[in-house]
Amino acid sequence: MQQGTTLKQLIALVNNQFHLVVIWSELQFDPIRMQNLSLQRLELAVNAISQANSFEELTKQIHTTFQTIAELFSVDMTERQDTGTRVMRFIEANCRNRSLSATNTAEHFQICPSYLSRLIRRECGMTFNTYVCQLRMKMACELLTHTRMTIQQISAQTGFAERHSFSRIFRREIGCTPSEYRKQSDLANRTQ
């Protein structure tokens, strides 16, 4: 900072920097979950900086603004984590449902699909469809190993519209057909 910087110049500089924080935070918060009241609170804290009449007041307002930012992000992160956990549980509970999709899951939680995608990627490191497919394949493997249900029944139980698509996806994901998998499982169970 230059020696001739006045209090007004410093306040203007700090205020401009905090307005950048407000803009950034608006991009980071989930717009559906983030209440306008919280963003207004952040704006008020930032605008209070311009009202400072001394370096002491400026320091106090900067401190208050940082506290406000920390509180808002803390609340938002807790909501995100809670929403993420609820979304994952919902998908796990409904993955057998043939009509399960990212769109209707997002609608169920009243969030936008792009936010749902970010949540799922953060929670499990994969896309919605990949996660659902993995859940269905895990379920199919369990049913093939521990039941005598037909491939058609297992296909229906794991959310596939038809046996052909189930068998094709199973082969792609597991590396063998459902029938081959069952034979391998039966053979492994007999040798134990």
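Positions are given from 1 along the sequence.
The OG atom of Ser99 sits 5.5 Å away from atom CG of Asn104, with the distance rounded to the nearest 0.5 Å. Interatomic distance, Gln157 CD to Gln153 CD, rounded to the nearest 0.5 Å: 8.0 Å. Cys95 contributes atom SG, which lies 10.0 Å from atom CE of Met137 (distance to the nearest 0.5 angstrom). Between the CZ atom of Arg163 and the CZ atom of Arg168 there is a distance of 14.0 Å, given to the nearest 0.5 Å. With rounding to the nearest 0.5 angstrom, the OG atom of Ser179 is 4.5 Å from the CD1 atom of Ile151. Atom OG1 of Thr158 and atom CG of Leu135 lie 11.0 Å apart (nearest 0.5 Å).
Here the shortest heavy-atom pairing between Leu116 and Ala106 reads CD2-N, 3.9 Å. Here the shortest heavy-atom pairing between Ala102 and Phe128 reads N-CE2, 3.2 Å. For Arg98 against Ala161, the heavy-atom pair with the smallest separation is NE-CA, 3.4 Å. Looking at every heavy atom in both residues, Gln184 comes nearest to Cys176 through OE1-SG, 4.3 Å. Nearest approach of Cys133 to Glu173, heavy atoms of both residues: SG-CG, 3.8 Å.
Side-chain contact between Pro178 and Ile154 is absent, with no heavy-atom pair separated by less than 4.5 Å. Between Thr145 and Arg182, every side-chain heavy-atom pair lies at or beyond the 4.5 Å cut-off.
Under the 3.5 Å distance criterion, the side-chain polar atoms of Asn97 are left unmatched by any main-chain donor or acceptor of Gly159. Looking at Thr130, its side chain never comes within 3.5 Å of a backbone N or O of Met126 through a donor-acceptor pair. The closest donor-acceptor contact from the side chain of Gln110 to the backbone of Glu107 lies at 3.5 Å or more, if one exists at all.
In the displayed structure, His164 atom NE2 is contacted under 6.0 Å by at most 12 heavy atoms of other residues, nucleotides or ligands. Atom CZ of Arg89 sits in a sparse spot, with 12 or fewer heavy atoms from other residues, nucleotides or ligands closer than 6.0 Å.
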CA sep, side-chain torsions, deciding dist, call: Ser117, Thr127, side-chain contact (heavy atoms from CB on, under 4.5 Å) | CA-CA 7 Å; Ser117 296; Thr127 65; over 6 Å; no

Hey, mind stepping through Ser155 and Glu162 against side-chain contact (heavy atoms from CB on, under 4.5 Å) and telling me if it holds?
-> CA-CA 7 Å; Ser155 170; Glu162 53 189 54; 5.8 Å; no

Could you check Ile120 against Met88 for side-chain contact (heavy atoms from CB on, under 4.5 Å), going step by step and ending with a plain yes or no?
-> CA-CA 7 Å; Ile120 293 170; Met88 300 309 281; 4.3 Å; yes

Start with the C-alpha distance between Ser185 and Leu144, add both sets of side-chain angles, then the distance that settles side-chain contact (heavy atoms from CB on, under 4.5 Å), and finish with yes or no.
-> CA-CA 8 Å; Ser185 295; Leu144 286 166; 5.8 Å; no

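For the pair Arg136 and Phe160, the cation-pi criterion (under 6.0 Å, within 45° of the ring axis) is fulfilled.
In the hydrophobic cluster analysis, where Ile, Leu, Val, Met, Phe, Trp and Tyr join through side-chain heavy atoms closer than 4.5 angstrom, Tyr115 is grouped together with Leu100. Under the 4.5 Å side-chain heavy-atom criterion for ILVMFWY residues, a single connected hydrophobic cluster contains both Met149 and Phe166. Cluster annotation: Leu119 is connected to Val132 through the hydrophobic network of ILVMFWY side chains, with a link wherever side-chain heavy atoms come within less than 4.5 Å.
Using bins of under 30°, 30° to 60° and over 60° for the plane-to-plane angle, the ring pair Phe170/Tyr181 lands in the perpendicular bin.
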